[in-house]
Amino acid sequence: MTDRIACAALRSRITDADTAAAFIRPGENVAASGFTGSGYPKMVPQALARRMAAEHTAGRPFRVNLWTGASTGPELDGALAAVDGIAQRLPYSADPVAREKINRGEIDYLDMHLSQVAPMAWEGVLGTLDTAIVEVTGIRADGSLIPSSSVGNNKTWLDRAQRVILEVNRWQDPALEGMHDIYYGTRLPPNRVPIPLVRPDDRIGTPYLACDPEKIVAIVETDAPDRNLPFAAPDDTARAIARHIIDFLTHEVSRGRLPPSLLPIQSGVGNIANAVLSGLIDAPFEPMTAFTEVIQDGMLDLLDAGKLRMASATAFSLSPAAAARLNADMRLYRKRMILRPQEISNHPELVRRLGCIAMNGLIEADIYGNVNSTLVMGSRIQNGIGGSGDFARNAYVSIFMTPSIAKGGRISAIVPQAAHVDHVMQDVQVIVTEQGLADLRGLSPRQRAKVVIERCAHPSYRALLADYAARADGGAYGLHAPSLPTEALSWHRRFMETGTMMAA
């Protein structure tokens with residue numbers, strides 16, 4: 001497998017995963033590559049988990065603080081969480097084992113805007129980065145690194161870490177080389193300068209990652225696949241949400257507020273987001289572009305259909321079938337895709353400059369348009385805010401979408417007051433459910449409430465919401481955004497007590 005390691009000086013550092021994991025000490029800050037199940041290290045974390053389990057059995061505590069780009073896979077988050085090996089986690093986690101431990105208070109979790117992680121690491125407020133474990137596709141003769149299927153925060157990890165462990169993964173297609181654009185021009189204030197990117201397909205950096213070879217303490221060769229999970233086929237709810245969004249975008253084009261090819265699209269991850277992307281295949285917009293976090297199945301479909309001219313992201317999030325499609329034609333796709341560091345893919349300056357159309361999911365929204373993306377019933381973390389905040393506040397159009405009900409109708413996604421707010425009403429322009437679309441631009445809070453209830457709430461909850469809004473209008477302390485504090489979260493309390501938000 002050493003054909004992926006062309007730098008002769010580094011071949012002496014090839015070793016096995018257990019030997020590499022031995023460099024990591026208890027209490028360290030450990031950063032790993034990976035973003036939405038792509039490009040994360042697989043072998044060294046599992047070896048580290050085995051070592052942690054043995055240490056715990058011997059009565060010696062062994063936990064680390066884990067930093068990544070976003071979510072990873074069971075061989076990393078899951079393996080370390082299962083052996084109680086994570087003390088602190090940032091900036092995003094979707095692993096079910098880790099989630100349970102976070103919600104039991106056994107892992108401290110820093111849920112962060114993804115664009116802020118690299119700057120905070122450079123500022124030093126996160127502490128010293130002891131070890132970075134980074135998956136790459138290969139090592140060139142000059143020692144530069146060919147990035148893998150995600151970039152995430154890898155540039156920062158390689159720069160800031162005191163020691164580096166590389167996993168060279170043969171499973172990753174060698175034709176990935178040339179797809180990446182690694183920009184090394186970001187600075188901290190007062191030396192910060194504008195990022196010279198004015199179109200989604202601009203290349204402003206180099207295809208390779210740089211790393212001081214003296215810091216590389218171990219190289220592990222692997223052939224382990226990424227965590228590629230299938231997307232569910234769009235159901236009636238997802239298709240209805242997609243239709244509402246496409247009708248809205250068509251209307252905006254007809255009014256001259258959007259160009260016929262739209263502006264660069266951003267889409268969160270998930271079945272509904274993927275359904276919207278797939279729905280755009282038959283929509284009258286082309287050639288589109290994407291400036292987003294992840295390239296998922298729907299974007300691959302748009303590229304194949306000739307509707308999407310190019311896609312810029314920081315990672316892939318593909319089903320197994322789509323990943324096979326990508327690898328089969330990587331040299332063709334490479335010409336129409338760019339993978340960047342997440343400090344660029346999610347940079348607020350660039351999102352605002354390019355005028356992105358942001359489409360993200362939510363857990364719940366209240367009648368005034370405040371959105372909760374992270375906490376179920378106000379306290380139980382689901383995954384995290386991810387990049388939705390980076391895009392929503394700075395987007396040209398900020399869209400949030402969700403089914404109107406969950407848990408078989410026992411939960412309403414539209415509530416009197418969100419139990420937790422990630423996106424304030426000023427950052428939320430459009431809310432969409434299968435029931436309809438509420439365009440909230442230019443509306444006051446009370447006007448918003450009327451539109452959200454009428455167009456987005458499920459019929460089972462619409463009358464209850466209208467009743468609450470009417471009583472709040474008559475009895476609130478103030479009438480700008482009327483609220484009844486003794487009732488505002490009663491729906492959440494009722495669910496936790498009875499298992500349903502529906503009144504008896």
### Query
For Y461 and I405, what are the C-alpha separation, side-chain angles and deciding distance, and is it a side-chain contact (heavy atoms from CB on, under 4.5 Å)?
CA-CA 9 Å; Y461 288 94; I405 53 174; 4.0 Å; yes
### Message
Run the side-chain contact (heavy atoms from CB on, under 4.5 Å) test on L465 and I367 for me, step by step, so that the C-alpha distance in whole Å, both residues' side-chain angles and the decisive distance to 0.1 Å come before the verdict.
### Response
CA-CA 8 Å; L465 289 164; I367 57 177; 3.9 Å; yes
### Query
Yes or no on side chain to side chain donor-acceptor pair (under 3.5 Å) for E75 and Y40, after CA distance, side-chain angles and deciding distance?
CA-CA 9 Å; E75 303 94 334; Y40 60 96; 2.6 Å; yes
### Message
Please evaluate residues V294 and M299 with respect to the criterion side-chain contact (heavy atoms from CB on, under 4.5 Å), reporting the C-alpha separation (whole Å), side-chain torsions for both, the decisive distance (0.1 Å), and the verdict.
### Response
CA-CA 9 Å; V294 294; M299 284 193 180; over 6 Å; no
### Task
Please report the C-alpha distance between T433 and M401 in whole Å, then the side-chain angles of each, then the deciding distance to 0.1 Å, and finally whether the side-chain contact (heavy atoms from CB on, under 4.5 Å) criterion is met.
CA-CA 6 Å; T433 72; M401 51 198 176; over 6 Å; no
### Task
Could you please spell out the steps behind the side chain to side chain donor-acceptor pair (under 3.5 Å) verdict for E364 and H492?
CA-CA 11 Å; E364 64 182 5; H492 301 84; 2.8 Å; yes
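Using a 4.5 Å heavy-atom cutoff, the side chains of E349 and I195 are in contact. Using a 4.5 Å heavy-atom threshold, the side chains of V117 and S115 count as separate. Looking only at side-chain heavy atoms (C-beta outward), R455 and L437 stay at 4.5 Å or farther from each other. Using a 4.5 Å heavy-atom threshold, the side chains of R325 and D301 count as touching. Between P41 and L76, some side-chain heavy-atom pair lies under the 4.5 Å cut-off. Using a 4.5 Å heavy-atom cutoff, the side chains of L339 and S150 are not in contact. Looking at H423 and S373, their side chains come closer than 4.5 Å, going by heavy atoms from C-beta outward. Within the 4.5 Å cutoff, the side chain of T374 has no heavy atoms near those of the Q382 side chain.
A side-chain donor from one of E343 and T186 sits under 3.5 Å from a side-chain acceptor of the other. No side-chain N or O of T500 forms a donor-acceptor pair with one of R494 less than 3.5 Å apart. Under 3.5 Å, the side chains of R99 and N383 contain a donor-acceptor pair of N or O atoms. When only modelled atom types and interatomic distance are considered, N103 and Y109 share no side-chain donor-acceptor pair under 3.5 Å. Checking D297 against N274 by side-chain atom types alone, no donor-acceptor pair falls below 3.5 Å. With hydrogens and angles left out, the side-chain atoms of T68 and R89 include a donor and acceptor closer than 3.5 Å. For the 3.5 Å distance criterion, the side chains of S345 and Q342 fail to qualify, holding no donor opposite an acceptor. Looking only at atom types and distance, the side chain of N360 has a donor-acceptor partner in the side chain of Q266 under 3.5 Å away. Defined by atom type and a distance below 3.5 Å, a donor-acceptor pair is missing between the side-chain atoms of S412 and H458. Inspection of the S319 and N228 side chains reveals no N or O donor paired with an N or O acceptor under 3.5 Å.
Between D201 and R309 there is a salt bridge, since at least one side-chain N of the basic residue sits less than 4.0 Å from a carboxylate O of the acidic one. Salt bridge D247/R243: absent, no basic N to carboxylate O contact under 4.0 Å. Ionic pairing of E135 and K42 is present here: one or more N-O contacts between side-chain nitrogen and carboxylate oxygen are shorter than 4.0 angstrom. Ion pairing of K101 with D84 is present here, as a side-chain N (NZ or NE/NH1/NH2) and a carboxylate O approach within less than 4.0 Å.
Without hydrogens or angle criteria, R446 side chain to Y368 main chain gives no donor-acceptor distance under 3.5 Å. Judged by distance alone, the side chain of W491 and the main-chain N or O of P416 form no donor-acceptor pair under 3.5 Å. Listed for the S38 side chain is a donor-acceptor partner under 3.5 Å among the backbone atoms of F316. The main-chain N or O of N372 is never found under 3.5 Å from a side-chain atom of D422 such that the two would form a donor-acceptor pair. Side chain of R410 to backbone of F495: no donor-acceptor contact under 3.5 angstrom is found. In this structure, the side chain of Q429 engages the main chain of S398 through a donor-acceptor pair within 3.5 Å. With hydrogens and angles disregarded, no donor-acceptor distance shorter than 3.5 Å links the side chain of E487 to the backbone of L484. A side-chain donor-acceptor contact under 3.5 Å links T314 to the backbone of G152. With hydrogens and angles disregarded, a donor-acceptor distance shorter than 3.5 Å links the side chain of R227 to the backbone of T72. Between the side chain of T292 and the main chain of S267, a donor-acceptor pair closer than 3.5 Å is present.
Contact between D95 and P74 at its shortest, heavy atoms only, is OD1-CA, 4.2 Å. Residues N153 and A118 approach most closely at OD1-CB, 3.9 Å, considering heavy atoms. For the residue pair F291 and I344, the shortest heavy atom distance occurs at CZ-O, 3.5 Å.
Take R352 and apply the salt bridge (charged side-chain N to carboxylate O under 4.0 Å, His left out) test, not counting sequence neighbours, and it matches no residue.
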Enumerate donor-acceptor pairs with a distance under 3.5 Å from any side-chain N or O in residues 255-264 to protein atoms, sequence neighbours excluded.
| residue | atom | partner | partner atom | Å |
| --- | --- | --- | --- | --- |
| R257 | NE | E252 | OE1 | 2.8 |
| R257 | NE | E252 | OE2 | 3.4 |
| R257 | NH2 | E252 | OE2 | 3.0 |

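Checked against the 6.0 Å centroid criterion, the rings of F62 and H56 do not qualify as a close aromatic pair.
For the atom pair L326 CG and L318 CG, the distance stands at 6.0 Å (nearest 0.5 Å).
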